[in-house]
**Q** 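The structure is given below, and queries will be raised subsequently.
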Amino acid sequence: MKNILVAAGTSDNKRNFAVNFIQDYLTQKGIEATVTGKSIYEVEALDPSTDAVVVIGQPKFAIDVPKVDGTPFITKFGMETCCDQLIAAIQ
C-alpha cells in the first residue's frame, strides 16, 4: 500500500477535493493507496512512510520522495494527467 500526501496551501475544500479525486482515481486504476491531506503550512517534515507528495503551493519542507505539481486541482484542468504522473512516480 502506498502513502500519498496532498500538501496544499489552499482552502480545506480544495484540499479535500484533491484528496478525494486522487483516492478515487487510484482506486479505479486498481492501486492500493492511502491519500491524506494536510495544510502545506503545517507540514514541517515528511512522515517516513510517505511514498509521494502532491504539492499545491510552495512547500517549506524538504521533499526526498517523488513530487507532483497539484496545480491542476485548482484550475480543474489536467487532473487526470496529474494523477497519471503520480502513478508513474510511485510504481
Side-chain angles (χ1 to χ4, degrees):
M1 167 118 27
K2 299 294 184 177
N3 292 307
I4 312 300
L5 172 64
V6 176
T10 58
S11 68
D12 289 345
N13 287 340
K14 288 182 182 180
R15 182 175 60 242
N16 291 336
F17 172 78
V19 167
N20 293 332
F21 187 94
I22 293 167
Q23 184 72 68
D24 291 344
Y25 193 89
L26 295 177
T27 299
Q28 289 175 9
K29 297 291 183 177
I31 298 171
E32 292 185 28
T34 300
V35 182
T36 57
K38 292 186 179 178
S39 169
I40 203 166
Y41 307 110
E42 295 174 359
V43 179
E44 294 181 13
L46 290 179
D47 184 297
S49 67
T50 303
D51 295 298
V53 179
V54 177
V55 180
I56 305 171
Q58 295 297 319
K60 298 188 188 299
F61 54 92
I63 300 175
D64 56 355
V65 297
K67 176 179 78 169
V68 177
D69 178 13
T71 302
F73 293 102
I74 295 173
T75 64
K76 303 291 192 279
F77 294 104
M79 295 183 300
E80 292 85 1
T81 301
C82 179
C83 289
D84 290 337
Q85 291 171 350
L86 177 61
I87 290 169
I90 62 175
Q91 290 185 335

**Q** Determine which pairs satisfy salt bridge (charged side-chain N to carboxylate O under 4.0 Å, His left out) with at least one residue from residues 65-89, sequence neighbours left out, and list them in order.
**A**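 Listed by first then second residue: nothing to list.
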**Q** Would you please name every residue forming a side chain to side chain contact (heavy atoms under 4.5 Å, CB included) with K60, sequence neighbours left out?
**A**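 For K60, no residue satisfies side chain to side chain contact (heavy atoms under 4.5 Å, CB included) once neighbours in sequence are set aside.
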**Q** Taking only residues two or more places apart in sequence, or in another chain, which ones meet D12 in a salt bridge (charged side-chain N to carboxylate O under 4.0 Å, His left out)?
**A**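 Once residues adjacent in sequence are excluded, the partners of D12 under the salt bridge (charged side-chain N to carboxylate O under 4.0 Å, His left out) criterion are R15.
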**Q** For the atom pair CG (N3) and OG1 (T34), what is the distance rounded to the nearest 0.5 Å?
**A**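 Atom-to-atom, N3:CG and T34:OG1 are 5.0 Å apart.
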**Q** Using a 4.5 Å cut-off between side-chain heavy atoms of Ile, Leu, Val, Met, Phe, Trp and Tyr, which other residues end up in the same hydrophobic cluster as I22?
**A**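 In the cluster with I22 are I4, V6, F17, V19, F21, Y25, L26, I31, V35, V54, I56, V68, F73, I74, M79, L86, I87, I90.
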**Q** Go through the structure and list residues passing side chain to side chain donor-acceptor pair (under 3.5 Å) with T75, not counting sequence neighbours.
**A**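 Side chain to side chain donor-acceptor pair (under 3.5 Å) list for T75, sorted by chain: empty.
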**Q** Using the test side chain to side chain contact (heavy atoms under 4.5 Å, CB included), find all partners of D47 that sit at least two apart in sequence or belong to another chain.
**A**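 Expected list: S49, T50.
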**Q** For T27, which residues count as a side chain to side chain contact (heavy atoms under 4.5 Å, CB included) partner, sequence neighbours excluded?
**A**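 T27: side chain to side chain contact (heavy atoms under 4.5 Å, CB included) contacts with Q23.
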**Q** Sequence neighbours left out, what passes side chain to side chain contact (heavy atoms under 4.5 Å, CB included) with P59? Give chain and number order.
**A**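 Result, side chain to side chain contact (heavy atoms under 4.5 Å, CB included) vs P59: I40, V55, F61, I63.
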**Q** Considering all heavy atoms of both residues, which atom of C82 and which atom of P72 are nearest to each other, and what is their separation?
**A**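 So the two residues come closest at CB-CG, 4.1 Å.
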